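Have a look at the structure below, then the notes.
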2 protein chains.
Amino acid sequence: MAVTLADVAARAGVSSATVSRVLNGNYPVAGSTRERVQRAVEELDYVVNGQARALAAATSDLVGVLVNDVADPFFGLIASALQSEIGAGGSGPAGGKLAVVCNTGGSPEAELTYLTLLERQRAAGVVLTGGAVEDEAHTAAVTARLARLAASGTAVVLCGRPPLTFPDESPGVTTVAFDNRGGARRLTEHLLSLGHRKIGCVTGPLERSTTRHRLEGHRAALAAYGLGPRTAAGADGTAGGDASRLTVHGGYDRASGYDAALELLRREPDVTAIVAANDTVALGVCAALRDRGLNIPGDISVAGFDDLPFSVDASPALTTVRIPLQEAGARAGRLVMGRQSSPPGGVATIATELMVRASTAPPKTRS
Amino acid sequence: MAVTLADVAARAGVSSATVSRVLNGNYPVAGSTRERVQRAVEELDYVVNGQARALAAATSDLVGVLVNDVADPFFGLIASALQSEIGAGGSGPAGGKLAVVCNTGGSPEAELTYLTLLERQRAAGVVLTGGAVEDEAHTAAVTARLARLAASGTAVVLCGRPPLTFPDESPGVTTVAFDNRGGARRLTEHLLSLGHRKIGCVTGPLERSTTRHRLEGHRAALAAYGLGPRTAAGADGTAGGDASRLTVHGGYDRASGYDAALELLRREPDVTAIVAANDTVALGVCAALRDRGLNIPGDISVAGFDDLPFSVDASPALTTVRIPLQEAGARAGRLVMGRQSSPPGGVATIATELMVRASTAPPKTRS
DNA sequence: CTGTTAGCGCGTTCAC
DNA sequence: GTGAACGCGCTAACAG
């Protein structure tokens, strides 16, 4: 059915090896022969069989990119930048890879399933993006899988998730981490410096590393202002202190933000500011507050995280913490392609930046 | 380096053929033998080589998904639904495929390049999403490529782009089209029925099919109200009539909407409503109007298209035209997997729905 | 410079 | 039920 190398060879009156050499260009071939071969390729509309090539040469054109949610611009931006980085570079050995975007939906099982599928395909590289699920068994499973992949020559890059510790010496897994903790801390400090003292916190899923880091930053800022958990029980975040009473866990979607805001108002009507898990959640929070007839930031301040493109368009424009997602994605792409050397220690931390906009203001003074 | 079938066979004390049979389960194997093999697989952490399997069995686990912009939720939503549809179904012959999301950036060259790459990989299926570039040469090139892919057994599905006409009899390319024209028409009719007569139109890139269809719907509504182009020259949309003076072409991004809105106000300060190319553009339009001190919808109404998740959160909530993107993506996924039969004529048109929200209202009466 | 010869790892006949 | 042998389409050593 399909045209093969042998067909082209026959048409051009040469051996299949010669055709292969012309195609790959890594070997001297006479000009006239080359032209004849190229003409035959054109005439027959020949397209190399990537699988056969991969099998024979033990290489792959595939780079797997695991994301928690393709529909979320957070991942879209990373994937987009990453993909244009690895897809460029023409057809050379270090370019023209195909990005296989795998949507895990945040499910640990899906994550492992995809890693298996990618291992099957002998992928040239694998990039894991976004917060990790912090379950001990799962982390161990992922670590083992990645170690094996790395050992078999697959480039492994973590982007937006904390570095993993491997039992053996570093198997060459590099990490592009986000400074979630620092960003969250600066954000809460901003609110504190405006005069807020009752600051609600709507976080993401409990088990995600991103959630934990942002929450830690938030609490560190509070602690620095002497607003730590008031009771011992509060230290674990389950009961007791202000910090836990003012914290609501939810998902990374808008609906979670909406519900969480209502819950916060119920728990503590005097809350004067709310920091959200991310910008999407912040929009949900804003919607809930508006529905309650509250003015932002007049009655209550709201802040997001990530600085997704739509944040500047919200009204009021959202105060948030900017993560340079495209830069991070591009860097991850370069790392997985081996076009950039691994940072010292294998971990590059991407700085975050506080973006103060219109959704935060000093708290209303009691009348 | 990597463990192969033969290794497993040796460990289990059987032939590699038997291991293959156990793995694929399509053949009778004695229970005891099967267990022994499975144990060997576990112990050796064996993972099949997808490329070798693909080469031998002439099948592929890859489904290509071409999108214009991964970072745009429009495509993210389609890709997400599509991917969960093809990735599910376990490891059977009709399941467990990997979605290769290819970001063309709207570039015709990139589109063709990716089609070549996918053809190389002998992809099981290819889905082209989003508006097509309406250039004659490019359309011909894509048509030829798709015909060849389809002929060689690759399932080809068009999602959100108009059906293609093939020279030969239908090569089994199915299309999931959006009723952009009808949606745009109903949207403009909504504005007309509110009393608007000077309706600005911010469209997408001129050469995109989506742009043309939405513009056609818009103009059809105007024409039905006797508001067609006033001069003959206006008929081609380049000069003369109101329709063209009130139309500004741009991109599908927020900045385009911002600029276009300012341009519209300059051309026609009396404009009372603006329909945008999509929701993202509409947000840009809103931002520009706000910066000009105009109230929405008090001074001017704004409408979007697509009904992306954030539209309901904009303030005011955006009147828009809903396209059930996830359903469309899921359907495209089922079609490309052969899990759903092709609609009659090979074309399924997805209905769109007008969502009237707070950003549109009757025009201000002159005082 | 070019042709010949081996595999790459697996699925699949065909015999046993 | 199982093993041996062949071939998928291509690249990479060898020769020449």
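Lettering of chains follows the sequences in order, A, B, ..., and the numbering in each one begins at 1. Note that these values count all heavy atoms, side chains included, but never hydrogens, waters or copies made by symmetry. Quantities reported herein were computed from a predicted structural model and do not represent experimental measurements.
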(message) Does either side chain, that of A:Ser107 or that of A:Thr104, offer a donor lying less than 3.5 Å from an acceptor on the other one?
(response) no
(request) Decide whether B:Thr59 and B:Arg53 meet the rule of one side-chain donor and one side-chain acceptor closer than 3.5 Å. (result)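 Per modelled atom types, B:Thr59 and B:Arg53 side chains form no pair under 3.5 Å.
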(message) Quick check: do A:Phe75 and A:Val70 have side-chain heavy atoms less than 4.5 Å from each other?
(response)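 The answer is no, as the side chains (C-beta and beyond) never meet within the 4.5 Å cut-off.
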(message) Looking at A:Thr4, I'd like to know whether one of its side-chain N or O atoms comes within less than 4.0 Å of OP1 or OP2 on D:dG9.
(response) no
(request) Check whether any side-chain nitrogen or oxygen of A:Ser15 sits under 4.0 Å from OP1 or OP2 of C:dT4, and answer yes or no. (result) no
Nucleotide [N], atom [atom2] - distance to [atom1] of [X] in whole Å:
X: B:Gln51; N: C:dG11; atom1: CD; atom2: C1'; answer: 16 Å
X: B:Glu119; N: D:dG9; atom1: CD; atom2: C1'; answer: 15 Å
X: B:Arg34; N: D:dG1; atom1: CZ; atom2: P; answer: 10 Å
X: B:Asn49; N: D:dG9; atom1: CG; atom2: C1'; answer: 14 Å

(message) How would you summarise protein contacts on nucleotides 11-16 of chain D per nucleotide, using B for base, S for sugar-phosphate only and - for none, with heavy-atom distances below 4.0 Å?
(response) BBB---
(request) By nearest nucleotide on DNA chain C, pick out whichever of A:Leu55 and B:Thr18 is the more 5' one. (result)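 Checking each residue's closest nucleotide, the 5'-ward one belongs to A:Leu55.
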(message) Walk me through whether B:Val14 and B:Val19 qualify under side chain to side chain contact (heavy atoms under 4.5 Å, CB included).
(response) CA-CA 7 Å; B:Val14 297; B:Val19 180; 3.8 Å; yes
(message) Please find the pair of heavy atoms, one from A:Ser60 and one from A:Lys97, that lie closest to each other, and give the distance.
(response)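 Shortest heavy-atom contact: O-NZ, 2.8 Å.
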(message) Tell me whether B:Gln326 contacts the main-chain N or O of B:Ile78 through its side chain, where contact means a donor paired with an acceptor under 3.5 Å.
(response) no
